[in-house]
Amino acid sequence: MKERFALVDVNNFFCSAEAAFAPELKGVPLVVLSNNDGCVVSRSAEVKALQTVKMGTPWHQMQDLAKQHGIIAKSSNYELYGDMSRRTMTVIGTFVEPSDQEVYSIDESFLRLTKYPHLDGQTLGREIRAKVFLWTGMMVCCGIGFSRTQAKLANHLAKKRPQYEGVCDLTKLSRAEFDDICKTVSVNDVWGIGGRLTGHLTAMGITTVHELRCADIKRLRERFGVVLERTITELNGTPVSGLDVVEPKQQIISSRSFGSPCYDYNGLHSMVSTFIARATAKLRKQGSYAGRVCVWLETNRFREQDVQYHPAAGIRLPNPTNDIAALTNAASIVLGRLYKPGFRYAKAGVMLEELSDSAHVQGSLFGGSEPSPERQKLLTTLDRIHHRFGKNHIGVGYAGVKRVPHEMQRALMSPRYTTRWDELMEVQA
DNA sequence: TCTGGGGTCCTAGGACCC
DNA sequence: TCTGGGGTCCTAGGACCC
């Protein structure tokens, strides 16, 4: 039996999540900004229609444009988006068995339809759209194909071409119809083909999906590697990969630009400690232990007048651990090596690596040792306090105990309608 | 003044082993 | 004069994704 996949994806996800609770944001030009209110990371249909605001445009560079078109901006509200994502994915998941859904990103989900040959793609897509909209207020598009890459392509068409009305099923097309459509889509719109590859392919005279499908696959593999070969195979209707099962993360990163520049060691130390706290929380949530801690610092690369410095280094722990104090300590050692006075630091980050599901490291000279029961109790209690009161009430060293001076700016943030009792939406009778 | 954050996979090349 | 060859593991960096 031929495999069949669907990709369901929310339109303008962050903007839609904002508008779901604020009717005045519906039908108006709206953007959502990255951390620190830096860049545009989501645009409403009205902003996309202007064609002048690209993804990633710095907000401070488009003030005039915003005034001219009445563009409203919102700070990113990841607590709201995370919760709306969970709700949306749950509704999408009601159409198949759990093992046939892969939540691919915050706003996208693959469904494997192979087991449900009786489901007509068009009908299913329309039903998903209706149910998701009714239950969450979010509008999705649905693409269906014989591989995940085809489903992605179909979703792209469903989103961009009004005649599809949000649902595109490539599996129902004849060979000739499929070829004709592929002649109208640029390689750049294919999942897995980014700017670099597009440049190289264009130079070889390959600009449309049809040309890519017909190209000499052996030659392209030799030149660009196995990834492109798989993409072409999938475009031609043979799935190379099925659904990905959710694996624990192999690395955990926490990193932020500072709300204001930082010059001194103590300031950096408090930020790095905060990042470690956040990363450790993720680590403990997935039940992993880290074997290596990396830290990096960055000056502001956009300031040409500044001397640039962006060092990075890591340290291997004697035994993998999930103990926030041990991880903070390791990060402090690395930071001590990296820090040099006299620079205008703008950003820092930490990375937990070599994650395992055990505190024991194989072949360690001294043997792995579990933290003592008392220690475990302390760590678990910390987790509970974080869970119940939020992350900013207790921490190690400088982290999170009080507002740190370089915290990010989120001047335009909306309420966290669905996750905070004191930020619930109020309705006036 | 202000320019995001968090991931994965693959490959080439060096280190090291026998 | 002439200095092996094959294999694995690790790391850094590139490309991509959302």
Side-chain angles (χ1 to χ4, degrees), chain A residues 7 9-14 31-43 53-63 66 73 75-78 81-82 85 102-110 148-149 152 155-156 159 187-201 221-231 240-241 244 246-261 275 278-279 282-283 286 291-292 294 296 298-306 312-314 316 344 346-355 406 408-412:
Chain A
L7 178 68
D9 139 307
V10 182
N11 304 347
N12 322 320
F13 178 56
F14 294 173
V31 295
V32 171
L33 305 177
S34 63
N35 283 326
N36 269 320
D37 295 342
C39 298
V40 171
V41 291
S42 179
R43 303 166 296 163
V53 180
K54 295 222 161 59
M55 279 292 269
T57 306
W59 175 235
H60 71 93
Q61 278 176 11
M62 47 174 284
Q63 292 303 304
S75 303
S76 37
N77 184 343
Y78 286 106
Y81 310 152
S85 170
E102 173 195 351
V103 176
Y104 175 71
S105 76
I106 195 163
D107 72 330
E108 288 170 276
S109 181
F110 283 108
R148 294 199 303 165
T149 306
K152 273 280 211 181
N155 185 278
H156 171 81
K159 228 183 322 185
V187 286
N188 197 24
D189 294 324
V190 173
W191 188 38
I193 300 188
R196 295 298 174 108
L197 268 175
T198 300
H200 289 131
L201 292 172
R221 176 184 173 141
E222 278 162 24
R223 173 127 187 239
F224 301 110
V226 65
V227 179
L228 183 60
E229 180 190 43
R230 287 178 193 160
T231 297
V240 170
S241 62
D244 281 344
V246 182
E247 300 281 355
K249 302 268 184 250
Q250 299 175 41
Q251 57 179 32
I252 291 171
I253 295 173
S254 177
S255 158
R256 287 282 184 282
S257 302
F258 303 153
S260 58
F275 299 152
R278 193 153 37 212
K282 289 185 209 166
L283 182 76
Q286 75 166 29
R292 192 178 151 83
C294 295
W296 70 92
E298 290 177 40
T299 48
N300 186 338
R301 66 182 191 279
F302 297 100
R303 283 171 59 98
E304 288 174 9
Q305 69 270 38
D306 285 1
R316 182 166 276 119
R344 187 180 187 278
K347 182 175 176 179
V350 305
M351 188 160 29
L352 304 182
E353 292 185 308
E354 296 176 12
L355 307 190
H406 308 287
M408 69 169 155
Q409 297 169 16
R410 295 204 281 188
L412 308 167

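Because the structure is predicted, anything quoted here is derived from the model rather than measured.
In this structure, A:His406 contributes its side chain and A:Ser260 its backbone to a donor-acceptor pair below 3.5 Å. A donor-acceptor pair under 3.5 Å is absent between the side-chain atoms of A:Glu108 and the main chain of A:Asp9, judged by distance alone. Not a single donor-acceptor pair under 3.5 Å links the side chain of A:Glu229 to the backbone N or O of A:Arg221.
Along DNA chain B, the nucleotide nearest to A:Arg301 and the one nearest to A:Lys282 differ in position, and the one closer to the 5' end is contacted by A:Arg301. For the pair A:Ile253 and A:Phe258, both in contact range of DNA chain B, the more 5′-proximal nearest nucleotide belongs to A:Phe258.
For the pair A:Glu353 CD and B:dG6 P, the interatomic distance rounds to 14 Å; values are reported in whole Å. For the pair A:Arg278 CZ and B:dG4 P, the interatomic distance rounds to 16 Å; values are reported in whole Å. Atoms CH2 (A:Trp59) and P (B:dT1) sit 19 Å apart, rounded to a whole Å. Regarding A:Tyr81, its OH atom lies at a distance of 13 Å from the C1' atom of B:dG4, rounded to whole Å. Atoms CD (A:Glu247) and P (B:dT8) sit 10 Å apart, rounded to a whole Å. Between A:Leu33 atom CG and B:dG5 atom P the separation is 13 Å, expressed in whole Å. Taking atom CE of A:Met408 as the reference point, atom P of B:dC2 lies 17 Å away to the nearest angstrom. Atom C1' of nucleotide C:dC18 and atom CG of A:Asn155 are separated by 13 Å, given to the nearest angstrom.
Contact annotation for A:Asn36: no contact, since no heavy-atom pair falls under 4.0 Å across all strands. Using a 4.0 Å heavy-atom cutoff across all strands shown, A:Gly349 reaches no nucleic acid atom at all. Using a 4.0 Å heavy-atom distance criterion, A:Ser254 is classed as a sugar-phosphate-only contact. If you check every strand for non-hydrogen atoms under 4.0 Å, A:Arg344 touches sugar and phosphate atoms only. Among the atoms of the strands shown, none is found under 4.0 Å from any heavy atom of A:Val32. Contacts of A:Tyr104 with the nucleic acid, taken as non-hydrogen atoms under 4.0 Å apart, involve only primed sugar atoms and P, OP1 or OP2. Backbone-only contact: A:Ile193 has heavy atoms under 4.0 Å from sugar-phosphate atoms and none from a base.
Rounding to the nearest 0.5 Å places CZ of A:Phe258 at 9.0 Å from CD of A:Glu298.
Of the candidates B:dC2, B:dT3, B:dG4, B:dC2 carries the atom nearest the A:Pro261 side chain, counting heavy atoms from C-beta on. Side-chain proximity of A:Arg256 to the nucleotides C:dC18, B:dG6, B:dG7 is greatest for B:dG6. Comparing B:dG7, B:dG4, B:dC2 by their nearest atom to the side chain of A:Ile252 picks out B:dG7. Here C:dC18 is the nucleotide among B:dG7, C:dC18, B:dG4 with the atom lying nearest to any side-chain atom of A:Glu108.
In this structure, A:Asn300 reaches the B:dT3 phosphate: one of its side-chain N or O atoms is under 4.0 Å from OP1 or OP2. For B:dT3, neither phosphate oxygen OP1 nor OP2 lies less than 4.0 angstrom from any side-chain nitrogen or oxygen of A:Ser257. Phosphate proximity of B:dG5 to A:Lys347: present, with a side-chain N or O under 4.0 Å from OP1 or OP2.
B:dT3 and C:dC18 have their P atoms separated by 25 Å, given to the nearest Å.
A heavy-atom distance below 4.5 Å is found between the side chains of A:Ile193 and A:Leu228. Annotation: side chain of A:Tyr78 is in contact with side chain of A:Asn35 (closest heavy-atom distance under 4.5 Å).
Counting all heavy atoms, side chain and backbone alike, A:Ser75 lies closest to A:Arg410 at OG-C, 3.3 Å. Here the shortest heavy-atom pairing between A:Val41 and A:Met55 reads O-CE, 3.0 Å. Residues A:Glu353 and A:Cys294 come closest through the heavy atom pair OE1-SG, 3.3 Å. The nearest pair of heavy atoms linking A:Leu355 to A:Gln250 is CG-O, 3.5 Å.
Taking the six-membered ring where tryptophan is involved, the planes of A:Trp191 and A:Tyr104 are perpendicular, since the angle between them exceeds 60° and thus also 30°.
End-to-end axis angle of the helix from B:dG5-C:dC18 to B:dC18-C:dG5, using five pairs per end and rounding to 10°, comes to 10°.
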Each nucleotide N or O in nucleotides 9-16 of chain B that has a protein N or O under 3.5 Å away: list the pair and distance.
from   : atom 1 : to       : atom 2 : distance (Å)
B:dC9  : OP2    : A:Gln250 : NE2    : 3.1
B:dC10 : OP1    : A:Arg230 : NH1    : 2.5
B:dC10 : OP1    : A:Arg230 : NH2    : 3.1
B:dT11 : OP1    : A:Val226 : N      : 3.4

